[in-house]
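Right, one structure below, let's go through it.
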Amino acid sequence: MTTTTPEYRVCPRSGLQFHKSAENLIKINAVVAVVALLVGGIGAILVLLTRWQAIHLIDAANFYMVLTAHGIDMLIFWIIFFEMAVLYFCSSTLLRSRLATPTMGWVAFGLMLIGAVMNNVSVFSGESSVMMTSYVPMMANHWFYLGLILFAVGALIGCFIFFGTLVVAKKEKTYEGSIPLVVFGAMTAAIIAVFTIASGAIILIPTWLLSLGLISHVDPLMYRTIWWAFGHSSQQINVAAHISIWYAIAAIVFGAKPMSERVSRVAFLLYILFLQLASAHHLLADPGLSVEWKVFNTSYAMYLAVLASMIHGLTVPGAIETAQRAKGFNKGLFEWLRKAPWGNPVFSAMFISVLGFGFLGGITGVMMGTEQLNMLIHNTIYVPGHFHATVVLGTTLSFMAITYFLIPTLFNREMIMPGLAKLQPYLFGGGMAVFCLAMMGAGTLGVPRRHWDITFQGASMPYEFPGTVYLMIAIMGISGLVAIVGGAAYILITVGSLLWGKRLDAGAYSGNRTVLRMPAETLTAHGSAGGSAFTVPGTFVLAMIFLATFVLYYFVNWKYLSTVWGLS
């Protein structure tokens, strides 16, 4: 198929084909995402050095202001800007299609940027220190809510552009059969995003009107219930997106195909049907909701979403093992893993993301979703320990991994500081893993989630934590600084490569759409690698280790609960 204007270029290194309008939108969304990461990272330093009791850097008022900015910039702006780039990449680049309504793409980006800036200005002015949850009746400045609403509208438009591009690709027959698995995963993220953004609008718009004085009341229980359909489900967009990136990187680095594409698609479908229900685990201590509602949402229904994550956790390493064994790495259980390219940050960041998300984020999430066990750690520092394992170790690290691939292919720049780039995933991933474990350990011992001063100095009824708490907090501080160094290294490498990296051949634009070459063709491949427990024994052993860890940790918490709730 040809067009009359030169709108397409083929990357000489990867064979990926970029539509010019989509390429520019991918770039600008990714760049602004990194800026949001920088702002949130500066906040992370201040929050960490304040929660670290030996340093206790800033005062209470500034702590809550910075904590609000850190949470929103990291959990919403950094991640969703990057996810917009992922959606445009998957729908246009991977399907070799022109982008539907690129003008609206710029409108969406503009709304998101204005909303993000507006929200940050409101927070840093000191008038909106309500933290990410912004529970009513505690009110922020009306610009705070309007900024979030504008950002959400822009993101919603971006999702519709993604769906429109799928229609364009199907109509113009840029691919055959069903959409590729990586694109299917991105579609899952976009579907969840529509539900999530709608939930946010349903509750943030009346809250904005309340802040303007136009209405007199928003019910706090209604707010919490609907807000968590936005606040937690926005993280489920991340899960679908970063798992799609896992599959993409397995294809890019190894030429791996899914063990069973049909099973992987069913797992993504389970996400659409059940993953948002996990939002209820934030409400398990709320007396206004029935026990039946809590148990159904966080137990019977949520387990189907957990099953989906376990499927992906098996099939991604399994696809890699199948590809590696096909190349001759067949000695023992783990030669395929030992001989993997651990010096390639695209792979190492992705695989650390798989391990961190599964062992730390996944296991603790299931524990927190159990009504009785939730009482052990509700509103303690354990909770951010868990979601740093999911959102930071899982999502952010996978986004870092795909960035190292996109710098030479999308931005056409040679990556600077390759030695630091090799080390960066280990600094960030290793530091963050220890950080999460220390936070969860301190939370298990009762350290509060959001309190500025864990020693409660000056309180009329002081409470003294055991000495182990202060050891946990010190470990959290040191490991957190290591992770921050890793995050700073990522920003330095990314921004430095765009500014000072050697310019690479971008390939000429033309009106022709071309056939994809390796490794890009593996991203759009259909079919199955044909793996099973017998052909991927190493992955099967890893899965059994995960299962044993999960069972042990689950029942250790039940044992701990029995000592807390003693009967006499």
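Just so you know, these numbers use all the heavy atoms, side chains as well, and skip hydrogens, waters and symmetry mates. Quick caveat: nothing in here was measured; it's all calculated off a predicted structure.
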Flag for [Y]-[X]: side-chain donor and acceptor within less than 3.5 Å:
X      : Y      : value
Gln53  : Asp453 : yes
Gln235 : Asn238 : yes
Thr315 : Tyr247 : yes
Thr133 : Trp227 : no
Tyr223 : Ser134 : yes

Can any side-chain N or O of [X] pair as donor or acceptor with the backbone N or O of [Y] at less than 3.5 Å?
X      : Y      : answer
Thr225 : Met222 : no
Ser21  : Leu99  : no
Thr165 : Ala100 : yes
Thr68  : Tyr64  : yes
Thr364 : Gly361 : yes
Tyr145 : Ala140 : yes
Thr395 : Val392 : no
Asn120 : Ala116 : yes
Asn29  : Phe82  : no
Tyr88  : Asn24  : no

Checking [X] now: which residues fulfil side-chain hydrogen bond (donor to acceptor under 3.5 Å, both in side chains) with it, not counting sequence neighbours?
X      : value
Ser233 : Ser279
Ser92  : none
Ser122 : Ser128
Thr403 : Tyr490

Quiz item: Which residue pairs pass the salt bridge (Lys or Arg N to Asp or Glu O under 4.0 Å) test when at least one of the two sits in residues 223-232, sequence neighbours left out?
Solution: Arg224-Asp286
Given side chains that start at C-beta, do those of [X] and [Y] come closer than 4.5 Å, heavy atoms only?
X      : Y      : value
Phe399 : Glu83  : yes
Met112 : Val32  : no
Leu111 : Leu150 : yes
Leu166 : Val183 : yes
Leu146 : Trp143 : yes
Arg449 : Tyr382 : no
Val291 : Glu371 : yes

Quiz item: Would the Phe151 and Phe81 ring centres measure less than 6.0 Å apart?
Solution: yes
Quiz item: Should the pair Phe109 and Trp106 be assigned to parallel (<30°), tilted (30 to 60°) or perpendicular (>60°) ring geometry?
Solution: perpendicular
Practice problem: Classify the angle between the aromatic ring planes of His242 and Phe357 as parallel (below 30°), tilted (30 to 60°) or perpendicular (above 60°). | Solution: perpendicular
Exercise. Starting from the C-alpha separation in whole Å, work towards a yes-or-no answer on side-chain contact (heavy atoms from CB on, under 4.5 Å) for Val383 and Met368.
Key: CA-CA 8 Å; Val383 178; Met368 290 171 61; 4.1 Å; yes
Quiz item: What pairs of residues pass the ring pair (Phe, Tyr, Trp, His ring centres under 6.0 Å) test when at least one of them lies in residues 268-290, not counting sequence neighbours?
Solution: Trp228-His282, His232-His281, His232-His282, Phe268-His312, Tyr271-His312
Exercise. Identify the heavy atoms of Phe456 and Pro448 that sit nearest to each other, and give their distance.
Key: CZ-CG, 3.9 Å
Quiz prompt | Nearest atoms (heavy-atom pairs only) where Cys436 meets Leu360 | solution = CB-CD1, 4.5 Å
Quiz item: Would you say Trp208 has more than 12 foreign heavy atoms packed within less than 6.0 Å of its CH2?
Solution: no
